[in-house]
Amino acid sequence: MYALVDGNNFYVSCERVFRPSLQGRPVIVLSNNDGCAIARSNEAKALGIAMGAPWFQIRQTLPDAGVVALSANFTLYGDMSNRMMAIAAGLGPGQEIYSIDESFIDMSTMRGDLVARSHRVRERILQWTGIPTGIGIGATKTLAKLANHVAKTADRTPGSYPVDLARVCNLSALPASDLEAVFAATALGEVWGIGRRIGAQLQEAGLKSVLDVVRLDPAMVRGRWSVVLERTVRELQGQQCVGFEDEAPAKKEIASTRSFGQPVTQLADLIEAVSQFASRAAEKLRRQESRAGQVLCFIRTSPFRRDDKQYSRSVTIPLRRPTADTAALVQAAVHGAKAIFKPGFNYAKAGVMLLDLQDASVEQQELALDEGPPDRSALMETMDRLNERYGRGSIALASTGRSNGQRVWTMKQSLKTPEYTTRWADVPRVLA
DNA sequence: TCTGGGGTCCTAGGACCC
DNA sequence: TCTGGGGTCCTAGGACCC
């Protein structure tokens, strides 16, 4: 038995905690570069603003709707997430943090009224953080996800589901006939694991609701579609196929990529950006105590600028030895950027990915035929500590270009709110 | 006329998630 | 003018082995 605790319109809810005047208004949070909508309040959804809709188009089509757009403030969301997760953990003995606003709680050993307990935890999250949540309970993670969808939809849209399923919904407590009614009232695209492509294929085969999917024969699904979809069907039927992970497993690849605030044409600027991305990725790499065996660097133009000549290339650089040294990783990434750069293009995006990750505690011994690389692990640790203490970027490699004046490649964030909970200068003041 | 059987590893691409 | 970032898993096909 699992519960899924999920923040409603999470980024928007975080912003509303500190700006109550945004309650009841259509609010959206924009991706980096203020590009497209990545979170929408219920009011914004009601206006028909789609997930991923470009902000400049929303502005054109809805000039008078009073839509409030905000630049993404991930520092704030991350901090609010930590607070929410800490309280949600009180719901049961095990917690798997699945994303910034979702965690699964293992309730398999719990007795008593799970719904009443969930309502209490939900109220506590709301009171202590200001974030409204929905809680779904089911026999498998896929069913808990579905229950969560029911809980949120019933809360937001009266008449969509029975009112007593709003906010907290336990599917495994429903009589069979009620469960079938819920399945029949839910579009199959709402199921965790059924995306656009597979959803369209299922509809083409004549299926419409979750109930149609639940009734499929898993063996047939495996033959006609895939083992992945088979697992989803089995999970919907109550058979656990997706494991519960208390502890987050180490990442197998780590990326840092960005779109630029304006087109970049010069190699020198690209080198700055790639140095910055490699440095950031290296920080993440050291935090999980891994080393990278390969570095991938890519650059590309914007496919949306139809009139521009297009170019997109990546290169993977194998490293002589796996490393977590920022200088070595930046060097490899810059080497790659130089190799694939071609003049005469408007570059819109670049990125660095660290691949072939391995645990730092495991080291392949070799014959000492050369001196080996200098050990700068103490320097890296000091760098990380300084940046943690005094803020990201306090100390950095010179090739990231900070002393060089203007970075032309940095992103646009013209609508950003303060870091209310993580910067002393930004802490809100309460006037008596 | 007629060309085996069984296996591993790697990569690219597709699909999904938030 | 203006379109995000960061992941995972699975499969097919090629290269290679004996």
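Protein chains get the first letters and strands the later ones, always in sequence-line order, with residue 1 at the start of each.
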Which sits closer to the 5' end of DNA chain C, K251(A) or Q60(A), going by the nucleotide each is nearest to?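 Result of the comparison: Q60(A).
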
Options [options], nucleotide nearest the side-chain atoms of [X]:
| X | options | result |
| --- | --- | --- |
| A255(A) | dT3(C), dG7(C), dT8(C) | dG7(C) |
| N32(A) | dC16(B), dT3(C), dG5(C) | dG5(C) |
| F56(A) | dC18(B), dG4(C), dC2(C) | dC2(C) |
| V227(A) | dT8(C), dG4(C), dT11(C) | dT11(C) |
| K145(A) | dC2(C), dT8(C), dC17(B) | dC17(B) |
| D101(A) | dG5(C), dC18(B), dG6(C) | dC18(B) |
| I198(A) | dA15(B), dC18(B), dG4(C) | dA15(B) |

Is a donor on one side and an acceptor on the other found under 3.5 Å between the side chain of E43(A) and the backbone of V27(A)? no

Any [X] side-chain N or O less than 4.0 Å from OP1/OP2 of [N]:
| X | N | result |
| --- | --- | --- |
| R305(A) | dT1(C) | no |
| K412(A) | dT1(C) | no |
| R231(A) | dC10(C) | yes |
| K349(A) | dG5(C) | yes |
| R258(A) | dG6(C) | yes |
| T257(A) | dG4(C) | no |

Taking any heavy-atom pair under 4.0 Å as a contact, classify [X]: base, sugar-phosphate, or nothing.
| X | result |
| --- | --- |
| I254(A) | sugar-phosphate |
| R59(A) | base |
| W192(A) | sugar-phosphate |
| S256(A) | sugar-phosphate |
| V191(A) | sugar-phosphate |

Return the value, rounded to whole Å, for the distance between atom [atom1] of [X] and atom [atom2] of [N].
| X | N | atom1 | atom2 | answer |
| --- | --- | --- | --- | --- |
| I194(A) | dG14(B) | CD1 | P | 21 Å |
| L229(A) | dG14(B) | CG | C1' | 15 Å |
| I38(A) | dG6(C) | CD1 | P | 12 Å |
| L4(A) | dC18(B) | CG | P | 9 Å |
| E102(A) | dG7(C) | CD | P | 17 Å |
| I58(A) | dT1(C) | CD1 | P | 18 Å |
| F74(A) | dG5(C) | CZ | P | 9 Å |
| E230(A) | dC16(B) | CD | C1' | 17 Å |

Under 4.0 Å between a side-chain nitrogen and a carboxylate oxygen: does that hold for [X] and [Y]?
| X | Y | value |
| --- | --- | --- |
| K152(A) | E102(A) | no |
| E180(A) | R215(A) | yes |
| D325(A) | R376(A) | yes |
| K145(A) | E190(A) | no |
| E381(A) | R385(A) | yes |

For dC17(B) versus dG4(C), give the span between their C1' atoms, rounded off to a whole number of Å. 15 Å

Residue pair T421(A) / D79(A), side-chain donor-acceptor N/O under 3.5 Å: yes

Please determine, for dC18(C), whether a Watson-Crick or G-U wobble partner exists with both distances under 3.5 Å, and give it or none.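 Matched dC18(C) with dG5(B) under the 3.5 Å cut-off.
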
